[in-house]
S.K.: 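Encoded as structure tokens, here's the structure I'll be asking about.
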Number of protein chains: 2
Amino acid sequence: MKRYTTQRAAIEQVFRRHDRPLGVLEVLAAGRKKVPSLNQATVYRNLKDMVAAGQLKAINHPQRGTLYERSEKAHHHHFHCHSCNRVYELPGCALKQEKVVPDGFVLENHEIFLSGICDQCARQ
Amino acid sequence: MKRYTTQRAAIEQVFRRHDRPLGVLEVLAAGRKKVPSLNQATVYRNLKDMVAAGQLKAINHPQRGTLYERSEKAHHHHFHCHSCNRVYELPGCALKQEKVVPDGFVLENHEIFLSGICDQCARQ
DNA sequence: GTCGTTGCAAAGCCTTTGCAGGGAA
DNA sequence: TTCCCTGCAAAGGCTTTGCAACGAC
């Protein structure tokens with residue numbers, strides 16, 4: 001039976017607090033504020049379980065590597081700020097649905113990764 | 001001074017022959033047909049040099065990892081067939097340019113990764 | 001003959017796994 | 001008490017690097 005450990009609780013809390021895609025080390029660092037003994041392997045294992053359970057979604061980001069976000073969100077895409085290195089979620093979809101793929105190809109999924117500078121960094 | 005080795009020539013030939021994004025192991029396997037002693041480290045080093053020289057472009061593909069393609073091509077995106085695992089280049093851009101990012105954000109680059117089944121695999 | 005390049009093997013990252021001890025139920 | 005989960009350390013992939021031998025010029 002699945003056990004609800006303090007480590008697991010800490011990791012879930014991290015995702016409730018920070019509402020944006022997070023990398024393993026971000027989860028580890030934030031989780032250790034609550035459970036200082038938290039181990040990297042434990043984070044990896046829990047993230048994997050949470051993805052398998054449908055609780056989280058893993059994103060393979062071209063610049064940031066594997067990121068995790070809560071899966072309850074609607075379809076959206078990601079913006080990477082190369083100044084602060086954060087990844088933002090942008091609601092909605094910017095894909096022109098017509099004539100995206102050649103005849104004969106079956107389009108099933110798509111991912112759009114935007115990058116540039118975020119509003120906070122641009123203001124400075 | 002830069003030396004034009006047989007290994008380098010073999011790698012360049014691979015990209016001339018296969019006109020689609022290739023992974024390191026694909027380049028290695030194809031290159032060994034011409035230079036059997038070709039080493040993986042040599043491929044890595046040459047691909048890196050060729051990217052630095054602007055001859056190739058590296059793509060971080062969510063499913064396939066790092067791929068390399070000739071950089072002379074016009075802006076385009078990629079379609080991954082999850083049946084044959086090949087990545088195709090699709091000419092043109094399917095990004096709706098208007099209202100892609102929130103006010104204040106500066107959009108500089110974007111990548112679109114499409115996936116599904118290619119025409120060849122769909123026919124079977 | 002020079003000295004950049006190669007092959008090999010070792011070492012670095014990131015991620016996964018084996019195992020004994022610890023803690024949730 | 002049971003047995004799943006954790007922490008630790010070792011081991012896997014992929015990629016980079018150190019070094020002696022090689023080969024392009």
Side-chain angles (χ1 to χ4, degrees), chain A residues 1-15 21-69 78 80 85-87 113, chain B residues 1-15 21-69 78 80 85-87 113:
Chain A
M1 202 220 128
K2 195 140 241 334
R3 287 179 187 172
Y4 195 71
T5 63
T6 51
Q7 289 84 345
R8 171 62 153 267
I11 292 171
E12 292 190 352
Q13 197 189 59
V14 170
F15 281 95
L22 299 172
V24 171
L25 292 182
E26 289 173 296
V27 175
L28 180 65
R32 277 186 171 159
K33 285 176 190 163
K34 199 149 198 257
V35 180
S37 70
L38 184 61
N39 189 276
Q40 200 158 321
T42 302
V43 174
Y44 274 105
R45 280 188 281 235
N46 275 282
L47 291 176
K48 207 174 199 203
D49 291 349
M50 291 162 82
V51 168
Q55 192 173 159
L56 292 183
K57 241 182 79 176
I59 312 161
N60 272 87
H61 191 281
Q63 279 79 49
R64 291 282 314 274
T66 306
L67 300 177
Y68 298 84
E69 66 182 3
H78 299 96
H80 176 239
N85 206 32
R86 252 190 290 246
V87 170
F113 296 103
Chain B
M1 201 220 129
K2 195 140 237 340
R3 287 178 187 172
Y4 195 70
T5 63
T6 51
Q7 289 84 345
R8 171 61 153 269
I11 293 171
E12 293 190 353
Q13 196 189 61
V14 169
F15 280 95
L22 299 172
V24 172
L25 292 182
E26 288 173 297
V27 175
L28 180 65
R32 278 188 171 158
K33 285 176 191 161
K34 199 153 196 253
V35 180
S37 70
L38 184 61
N39 189 275
Q40 200 158 322
T42 301
V43 173
Y44 274 105
R45 280 187 279 235
N46 274 282
L47 290 177
K48 207 174 199 204
D49 291 349
M50 290 163 82
V51 169
Q55 191 174 160
L56 291 182
K57 243 182 80 176
I59 311 160
N60 272 87
H61 191 280
Q63 279 79 49
R64 290 282 315 272
T66 307
L67 300 177
Y68 297 85
E69 66 182 3
H78 298 96
H80 176 238
N85 206 32
R86 252 192 289 246
V87 171
F113 296 104

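Reminder, nothing fancy here: chain letters follow the sequence lines and each chain counts from 1. Treat the numbers as computed from the prediction; the structure is a model and nothing was measured.
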S.K.: Rounded to the Å, how far apart are A/R8 CZ and C/dA24 C1'?
M.R.: 13 Å
S.K.: In whole Å, I'd like the distance from the CG atom of A/L38 to the P atom of D/dT6.
M.R.: 9 Å
S.K.: Of the candidate nucleotides D/dA24, D/dT15, C/dG7, which contains the atom at the shortest distance from the side chain of B/Y44?
M.R.: D/dT15
S.K.: Grab the two heavy atoms, one from B/A10 and one from B/G31, that are nearest each other, plus how far apart they are.
M.R.: CB-O, 4.2 Å
S.K.: In terms of side-chain heavy atoms of A/T5, which of C/dT6, D/dT6, C/dA25 is nearest?
M.R.: D/dT6
S.K.: Between D/dC8, C/dC8, D/dT15, which one does the side chain of A/A41 approach most closely?
M.R.: D/dC8
S.K.: For B/R32 and B/L38, which heavy atoms make the closest approach, and how far apart are they?
M.R.: NE-O, 2.7 Å
S.K.: Find the distance B/N39:CG to D/dC22:C1' and express it as a whole number of Å.
M.R.: 14 Å
S.K.: Can you tell me if A/K2 touches the phosphate of D/dC5, counting only side-chain N or O atoms and a distance under 4.0 Å to OP1 or OP2?
M.R.: yes
S.K.: Between A/Q40 and A/L25, is any pair of side-chain heavy atoms under 4.5 Å apart?
M.R.: yes
S.K.: Only one of A/R64, A/Q63, A/E69 forms a side-chain hydrogen bond (donor to acceptor under 3.5 Å, both in side chains) with A/H78, so which one is it?
M.R.: A/E69
S.K.: Take the protein atom CG of B/L28 and the nucleotide atom P of D/dT16, then report the distance between them rounded to whole Å.
M.R.: 14 Å
S.K.: Closest-nucleotide mapping onto DNA chain D: is A/V35 or B/Q40 further toward the 5' terminus? I mean the 5' end.
M.R.: A/V35
S.K.: Using atom CD1 of A/I11 as one end and atom C1' of D/dG7 as the other, report the distance to the nearest whole Å.
M.R.: 13 Å
S.K.: Among B/N46, B/T42, B/D49, exactly one meets side-chain hydrogen bond (donor to acceptor under 3.5 Å, both in side chains) together with B/R8. Which residue is that?
M.R.: B/N46
S.K.: Over all heavy atoms of both residues, which pair between A/I11 and A/V43 is shortest? Give the atoms and the distance, please.
M.R.: CD1-CA, 4.0 Å
S.K.: Identify which nucleotide among C/dC8, D/dC5, D/dG7 has an atom closest to any side-chain atom of A/T42, counting heavy atoms from C-beta outward.
M.R.: D/dG7
S.K.: Rounded to the nearest angstrom, tell me the gap between atom CZ in B/R3 and atom P in C/dG7.
M.R.: 15 Å
S.K.: Looking at residues 45-62 of chain A, who's got a heavy atom less than 4.0 Å off DNA chain D?
M.R.: A/R45, A/N46
S.K.: For the residue pair B/H61 and B/F113, categorise the inter-ring angle as parallel (less than 30°), tilted (30 to 60°) or perpendicular (more than 60°).
M.R.: perpendicular
S.K.: Please report the distance, rounded to the nearest Å, between CG in A/L67 and P in C/dT15.
M.R.: 10 Å
S.K.: In whole angstrom, what separates A/L25's CG from C/dC13's P?
M.R.: 13 Å
